[in-house]
Amino acid sequence: MARMHFPLPSKPFLLLPHLFLLLAATVCEAEVPAIIVFGDSSVDAGNNNAISTVLKSNFQPYGRDFIGGQPTGRFSNGRVPTDFISEAFGLKPTVPAYLDPMYSIEDFATGVCFASAGTGYDNATSNVLNVIPMWKEMEYYKEYQQKLRSYLGDDKANFILSEALYVFSLGTNDFLENYYSSLPGGRQSQFTVRQYEDFLIELAAGQITELHRLGARKMSLTGLPPMGCLPLERTTNFFGFNECVLEYNNVAVEFNGKLRKAVNRMNRQLPGLRMVLSDPYELFLEIIRKPSSFGFDVAQRACCATGLYEMSYMCNQQNLFTCTDASKYVFWDSFHPTEKTNQILAEYLTKEVLLPAFS
């Protein structure tokens, strides 16, 4: 899930009036010509529909609050953060999935999503559920570049590619589905958690460097959320009385600190690069701790099914326990936020981080 640096005040409650004023703000004119997305299920717009994997969400009740009420492969009841970011920049209200046959290069000229649910910086993470690894997302991007140049001509295409905002949102799966899993021969047998953090930072830096070589200049690298507070992790935290898993949250904070240093380093080293760290951790944790302050009723369990452990095919139309109003819940399924949570995080991020950096 992924998942933004917010300059939060020292007293979190002082944030709330400011936040809701931001949410009511009008959409700006486009400061970038396109939004180009890499990552995992936090931003996947439906690419997993086109591959052979059990990790899909192109069926009801997923998408029930999406435009037209149709499931698209987004892991939410509605839109994901990058959809709101696109709209806030004056572009389309949704960013289409590159592998969706309903769309063509004409649609992708103002935004395209290469993200795949279940993937991570580490290729071994994508192998767990047979999803698209980051190296393949990059190959799809190279193919997209060629198609865009054929469609628009080199000059216009190159302008879009250099001025577009590139959003990376991934990393949660590397820890929860890979490092902390019980898979035999997993990364935990090869690295301490701090060594694995450093390994992932090196992989992220390599991917950013390659994208820069291909012409990208404006980037947002998303930090980890408080992943120990995902409903699935709380459900399985038997000895911790189903509270948030402190170790996972501490790792998220530590990893985000290392990402911040990597962002600063790459901004110095790569000519013309303008990259920001988008860290959702503090705001997301505040939503989970004080849901009523943001208009939510429930944060410990999700809306879909029992809300304790279900996602993907276990979150389906036949489950009678699914809530009737997802806007009262912080989480849609046991791993992913509701559209309302996505909107709060994305719109605050856009106003406080992305617009100041790229307008």
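Here, residue 1 is the first one in the sequence, and each next residue gets the next number. Not measured: the values here are computed from a predicted model.
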Heavy-atom nearest pair, Pro226 first then Tyr281, reads CA-CE1, 3.4 Å
Does the ring centre of Phe89 sit less than 6.0 Å away from the ring centre of Phe358? no
Can you tell me if Thr53 uses its side chain to pair, donor with acceptor, with the backbone of Leu129 under 3.5 Å? yes
Tell me, do Trp332 and Glu339 make a side-chain contact under 4.5 Å, heavy atoms counted? no
Where do Glu286 and Arg289 land on the salt bridge (Lys or Arg N to Asp or Glu O under 4.0 Å) test, with the steps shown first? CA-CA 5 Å; Glu286 186 71 8; Arg289 285 176 171 170; 5.4 Å; no
Output, in order, the C-alpha distance, side-chain angles, deciding distance and verdict of side chain to side chain donor-acceptor pair (under 3.5 Å) for Ser116 and Asn47. CA-CA 6 Å; Ser116 174; Asn47 286 308; over 6 Å; no
Answer whether the closest heavy-atom distance between the side chains of Ser327 and Lys340 falls below 4.5 Å. yes
Scan Thr322, Thr338, Asp333, Asn342 and name whichever one has a side chain to side chain contact (heavy atoms under 4.5 Å, CB included) with Asn77. Thr338
Kindly indicate whether the side chain of Ser220, heavy atoms from C-beta on, has any atom under 4.5 Å from the side chain of Leu354. yes
Check the hydrophobic clustering (I, L, V, M, F, W, Y; side-chain heavy atoms under 4.5 Å; chains of links allowed) and say if Phe335 and Leu224 are grouped together. yes
Tell me whether the guanidinium CZ or amine NZ of Lys290 lies under 6.0 angstrom from the six-membered ring centre of Phe294 and within 45° of its axis. no
With ring centroids as reference points, do Phe199 and Tyr179 lie under 6.0 angstrom apart? no
Do Lys92 and Glu87 meet the salt-bridge criterion of a basic N to acidic O distance under 4.0 Å? no
Do Tyr62 and Phe321 share a hydrophobic cluster (ILVMFWY, side-chain heavy atoms under 4.5 Å, transitive)? no
Shortest non-hydrogen separation from Pro133 to Asn123 and the atoms involved: CB-OD1, 3.7 Å
Donor-acceptor contact below 3.5 Å, side chain Asn48 vs main chain Ala117: yes
Are Phe331 and Arg301 close enough that some pair of their side-chain heavy atoms sits under 4.5 Å apart? no
Are the two sulfur (SG) atoms of Cys229 and Cys244 closer than 2.5 Å? yes
Contact check, side chains of Phe175 and Val193, non-hydrogen atoms, under 4.5 Å: yes
Hydrophobic cluster identity match, Leu99 and Met102, side-chain contacts under 4.5 Å: yes
Salt bridge check: are Arg213 and Glu210 linked by an N-O gap of less than 4.0 Å? yes
Would you say the side-chain atoms of Asp83 pair up with the backbone N or O of Val80, donor to acceptor, closer than 3.5 Å? yes
Are Glu163 and Arg217 within salt-bridge range, i.e. N to O under 4.0 Å? no
How about Leu161 and Arg149: do any of their side-chain heavy atoms sit closer than 4.5 Å? yes
Quick one: are Leu230 and Tyr248 in side-chain contact, heavy atoms under 4.5 Å? no
What is the ring orientation for Tyr121 with Phe255, classed by angle as parallel under 30°, tilted 30 to 60°, or perpendicular over 60°? tilted
Measure the spacing between CG of Leu170 and OG of Ser42 and express it to the nearest 0.5 Å. 7.5 Å
Which class fits the ring pair Tyr98 and Tyr140: parallel under 30°, tilted 30 to 60°, perpendicular over 60°? tilted
Polar side-chain atom of Lys218 near backbone of Arg274 as donor-acceptor pair, under 3.5 Å: no
Would you confirm whether Asn158, through its side chain, and Asp154, through its main-chain N or O, come within 3.5 Å as a donor-acceptor pair? yes
Out of Leu203, Thr125, Thr119, which residue meets the side chain to side chain contact (heavy atoms under 4.5 Å, CB included) rule with Asp174? Thr125
Partner of Asp40 by side chain to side chain contact (heavy atoms under 4.5 Å, CB included), out of Val131, Leu55, Asn173: Asn173
Given 3.5 Å as the limit, does a donor-acceptor pair link the side chain of Thr350 with the main chain of Ala346, or not? yes
CA sep, side-chain torsions, deciding dist, call: Gln190, Arg187, side chain to side chain donor-acceptor pair (under 3.5 Å): CA-CA 5 Å; Gln190 304 168 33; Arg187 291 302 194 188; 2.8 Å; yes
Okay, side chain of Asn316, backbone of Asn319: is any donor-acceptor separation there less than 3.5 Å? yes
Transitively linked via ILVMFWY side-chain contacts under 4.5 Å: Ile201 with Phe168? yes
Step by step, would you call Gln145 with Tyr141 a side chain to side chain donor-acceptor pair (under 3.5 Å)? CA-CA 6 Å; Gln145 284 190 318; Tyr141 171 70; 3.1 Å; yes
Quick one: does any side-chain atom of Ser334 pair with a main-chain N or O of Glu310 as donor and acceptor, under 3.5 Å? yes
List the steps, then state whether side chain to side chain donor-acceptor pair (under 3.5 Å) holds for Arg74 with Thr72. CA-CA 6 Å; Arg74 289 169 171 83; Thr72 60; 3.0 Å; yes
Please confirm whether the backbone N or O of Ala88 pairs with a side-chain atom of Glu347, one donor and one acceptor, at under 3.5 Å? no
Determine, for Phe84 and Arg79, whether the Lys NZ or Arg CZ falls below 6.0 Å from the six-membered ring centre while staying within 45 degrees of the axis. yes
Using a 4.5 Å cut-off on heavy atoms from C-beta on, say whether the side chain of Gln188 contacts that of Ser181. no
Ala34 backbone acceptor or donor facing Thr110 side chain under 3.5 Å: no
Same apolar cluster (I L V M F W Y, side chains within < 4.5 Å links), Phe75/Ile344: yes
